[in-house]
Amino acid sequence: MPAAPGSRIYVIEDMRDVTAEMLKGVSDKLNGFARYERLATNRKALIAACEGQPNRRCDVGAYYGGASYYLQQKLEIEDVRLVYAPALGIGNFGGQTDNWRPRHTGDFGFYRAYVAPDGSSRPYARDNVPYRPKSWLPIACEGKEGDLVMVAGFPGATHQFLRRMKSGSTSRNSNRGCSLRSRIMPPRSTRQRQAIARRRSIDRPLHKWLGLKRMGKAEKATDRHQNEYGRAN
């Protein structure tokens with residue numbers, strides 16, 4: 001089945017150090033805003049040059065607080081199809097966001113990328129074929145103790161070290177989340193079923209924050225993280 005409208009798969013083809021290009025024209029004489037503008041100008045130029053290639057999407061990421069910069073070049077695949085999705089009873093096992101530690105649910109889906117017969121990216125067409133990458137990680141059918149295990153995905157972000165002011169904002173947002181969640185009722189109609197993903201996206205952080213409040217650790221955690229942040233800086 002076709003994936004949701006606008007779905008895309010991005011395949012990283014190249015990742016290179018562009019620190020020198022990003023810092024071109026940057027000096028200690030620039031104030032904060034002037035430095036920001038210079039970096040933004042350099043970043044846009046690098047992205048524009050990279051995206052001059054057909055069906056490519058590019059970005060420049062800052063690493064180690066701006067000590068280095070890397071340009072990512074990605075192939076944008078437009079024909080994305082849903083191959084498999086589990087039944088609701090598996091994907092939302094037990095009907096609880098936090099039913100165990102770790103959470104036991106099968107909320108996953110398999111998608112397949114399709115391209116033109118020559119390997120180029122294009123929208124859906126009947127003669128499109130499954131995309132075959134130049135290299136891939138094989139899945140071991142059998143393993144042994146000590147084998148390397150990898151988890152796919154880029155590093156995300158953590159909010160475990162919020163400062164006191166920000167933690168107060170998080171608390172207010174969680175209270176609004178409670179109110180919003182109460183209005184997204186269990187699915188009975190088509191419209192409500194469409195809103196179920198939104199409800200689940202609220203559930204997870206909400207359960208975490210309410211759990212901290214119930215255990216009386218929110219304030220203590222904030223103080224501890226504030227002290228650790230101060231020592232680190």
Side-chain angles (χ1 to χ4, degrees), residues 1-16 18 40-41 43-63 69-93 97 103 105-137 139 150-159 173 176-177 180-181 183-206:
M1 295 176 58
S7 295
R8 296 288 187 272
I9 287 179
Y10 298 94
V11 181
I12 293 185
E13 300 175 314
D14 187 32
M15 189 169 178
R16 63 182 183 272
V18 292
T41 298
R43 178 176 179 272
K44 290 176 182 178
L46 286 166
I47 292 174
C50 180
E51 292 188 347
Q53 309 169 80
N55 301 114
R56 297 306 189 275
R57 291 292 177 265
C58 307
D59 194 15
V60 176
Y63 292 78
Y69 296 85
Y70 282 82
L71 175 69
Q72 297 176 3
Q73 177 182 306
K74 295 169 280 190
L75 170 67
E76 180 185 33
I77 299 179
E78 301 179 63
D79 187 357
V80 184
R81 307 182 194 181
L82 176 64
V83 177
Y84 176 82
L88 182 61
I90 298 174
N92 191 32
F93 183 75
T97 302
R103 191 162 60 106
T105 55
D107 50 351
F108 66 92
F110 285 133
Y111 293 85
R112 183 177 293 143
Y114 283 76
V115 293
D118 64 358
S120 62
S121 176
R122 70 176 181 182
Y124 172 84
R126 291 179 63 86
D127 62 336
N128 278 358
V129 297
Y131 170 72
R132 296 185 65 84
K134 295 179 181 179
S135 59
W136 61 88
L137 292 174
I139 298 177
M150 298 181 69
V151 178
F154 279 174
T158 177
H159 303 286
N173 288 336
R176 287 196 291 269
L180 178 59
R181 183 187 184 280
R183 297 198 296 272
I184 304 178
M185 301 303 292
R188 295 188 181 89
S189 66
T190 300
R191 186 174 181 181
Q192 288 170 331
R193 282 194 295 272
Q194 292 171 344
I196 194 168
R198 175 60 175 160
R199 173 173 174 153
R200 289 176 186 160
S201 71
I202 295 172
D203 275 348
R204 185 65 177 171
L206 185 60

| task | Give a yes or no on this: more than 12 heavy atoms of other residues, nucleotides or ligands lie within 6.0 Å of atom OH of Tyr84. | result | yes
Heavy-atom closest pair (Asp79 atom, Ala125 atom, distance to 0.1 Å) is OD2-N, 4.0 Å
_Pro2 vs Arg81 side-chain heavy atoms within contact, under 4.5 Å_ = no
Task: Side-chain heavy-atom pair Tyr124, Val80 within 4.5 angstrom cut-off - done: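 When only atoms from C-beta onward are counted, Val80 and Tyr124 do not touch, as no gap falls below 4.5 Å.
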Tightest non-hydrogen contact, residues Ile12 and Lys74, listed as CG1-CG, 3.6 Å
Are any non-hydrogen side-chain atoms of Cys58 and Leu71 less than 4.5 angstrom apart?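 Touching, per the 4.5 Å side-chain cut-off.
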> Is Arg122 atom CZ crowded by more than 12 heavy atoms from other residues, nucleotides or ligands, each under 6.0 Å away?
Replying inline: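 Yes.
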- In Å and rounded to the nearest 0.5 Å, what is the OG to OH distance from Ser121 to Tyr10?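 If we round to the nearest 0.5 Å, Ser121:OG and Tyr10:OH are 9.5 Å apart.
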Item to complete: Report the residue from Ile77, Leu75, Val115 that forms a side chain to side chain contact (heavy atoms under 4.5 Å, CB included) with Asn55.
Response: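 Single pass found, and it is Leu75.
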Q | Inter- and intrachain pairs under salt bridge (charged side-chain N to carboxylate O under 4.0 Å, His left out), touching residues 43-57, at least two apart | A |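 Those involving residues 43-57 are Glu13-Arg56, Arg43-Asp59, Arg57-Glu76.
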Salt bridge (charged side-chain N to carboxylate O under 4.0 Å, His left out) filter on Asp118, not counting sequence neighbours, yields none
For Tyr63, the ring-ring contact (aromatic ring centres under 6.0 Å, His included) test, sequence neighbours excluded, returns Tyr70
Checklist entry - Shortest non-hydrogen contact from Tyr131 to Val11? => result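 Heavy-atom minimum between the residues: OH-CG1, 3.7 Å.
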Review point. Checking Asp14 side chain against Gln72 main chain: does a donor-acceptor pair fall under 3.5 Å?
Key: no
Minimal heavy-atom distance between Phe108 and Pro86, with the atoms involved, is O-CD, 2.9 Å
Is the shortest heavy-atom distance from the side chain of Gln73 to the side chain of Met15 under 4.5 Å? no
- Looking at side-chain heavy atoms only, is the closest gap between Val129 and Asp127 below 4.5 Å? no
